[in-house]
Amino acid sequence: MGRGYRRFWDPDAERYGISTWPWKLAPAHLKTRDQLVEMGLRPHQPPAGQILWTNKKLGIRRAYLYDIALAGPPKARSAAQVASLEAARRKRRTCPTCGVVRDYTISTALKECVPCADGLMAAA
Ligand SMILES: [Zn+2]
């Protein structure tokens, strides 16, 4: 094992204040956020540890580790979040020229619905 191994080996959090392992040497039940996301999970608790490694260009890098037993599926959206998303979607389908809510998203290039855009083009 190289220097990084001893430098970043601190499972008892004596040096770093949080349990720390070198790259690839963390216990199997601790996963990075990206690893949890790959498994369809999200961390629901603060990190249980971290891995540290040295990158030649970027210096010391850190990734927090989360206990897989305390992770779970992504939190469901609240009714307010759902309503807000729906309002945003509706706004994107509403023509600012004629005010009609279309069943398609208003083109950001045309900035209005197709009939309005066609009318302007015909008038020009
Ligand atoms: Zn229109």
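Position 1 is the first residue of the sequence, and the numbers go up from there. In what follows, every heavy atom counts, from backbone to side chain, and hydrogens, waters and symmetry copies are set aside. Predicted model, so just to flag it, every value in this text is computed and none were measured.
The two residues Gln81 and Ala76 make their nearest non-hydrogen contact at OE1-O, 4.5 Å. Here the closest non-hydrogen pair linking Gly40 and Pro74 is O-CD, 3.6 Å. In this structure, Trp9 and Trp21 approach most closely via the heavy-atom pair CZ3-CD1, 3.7 Å. Heavy-atom minimum distance, Arg90 versus Val101: NH2-CG2, 3.6 Å. Here the closest heavy-atom approach between residue Pro96 and residue Lys111 is recorded as CG-O, 3.2 Å. Closest approach of His44 to Pro73, counting heavy atoms only: NE2-O, 2.9 Å.
When the side-chain hydrogen bond (donor to acceptor under 3.5 Å, both in side chains) test is applied to Glu86, the partners found at least two apart in sequence or on another chain are Arg89. Residues passing the side-chain hydrogen bond (donor to acceptor under 3.5 Å, both in side chains) test with Arg92, sequence neighbours excluded: none.
The closest side-chain heavy-atom distance from Gln45 to Tyr66 is not below 4.5 Å. Side-chain atoms of Pro115 and Cys98, non-hydrogen and from C-beta on, never get closer than 4.5 Å to each other. Between Arg61 and Leu52 the shortest side-chain heavy-atom distance does not fall below 4.5 Å. The shortest distance between side-chain heavy atoms of Ile106 and Cys113 falls below 4.5 Å.
For the atom pair OG1 of Thr54 and CZ of Phe8, the computed distance is 3.5 Å after rounding to the nearest 0.5 Å. Once rounded to the nearest 0.5 Å, the distance linking CD1 of Ile51 with OH of Tyr64 reads 12.0 Å. Between the OG atom of Ser84 and the CZ atom of Arg77 there is a distance of 10.0 Å, given to the nearest 0.5 Å. Rounded to the nearest 0.5 Å, atoms NZ (Lys31) and CG (Leu41) are 10.5 Å apart. Taking CG from Asp12 and OG1 from Thr20, the interatomic distance works out to 10.5 Å, rounded to the nearest 0.5 Å.
Of the possible polar contacts, none joining the Tyr16 side chain to the Gln50 backbone as a donor-acceptor pair under 3.5 Å is found. Looking at Asp67, its side chain never comes within 3.5 Å of a backbone N or O of Ala48 through a donor-acceptor pair.
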Query - Stepwise side chain to side chain contact (heavy atoms under 4.5 Å, CB included) check, Leu65 with Thr32 - result: CA-CA 5 Å; Leu65 297 169; Thr32 65; 3.8 Å; yes
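Taking a 6.0 Å sphere around CZ of Arg15, one finds it holds more than 12 heavy atoms contributed by other residues, nucleotides or ligands.
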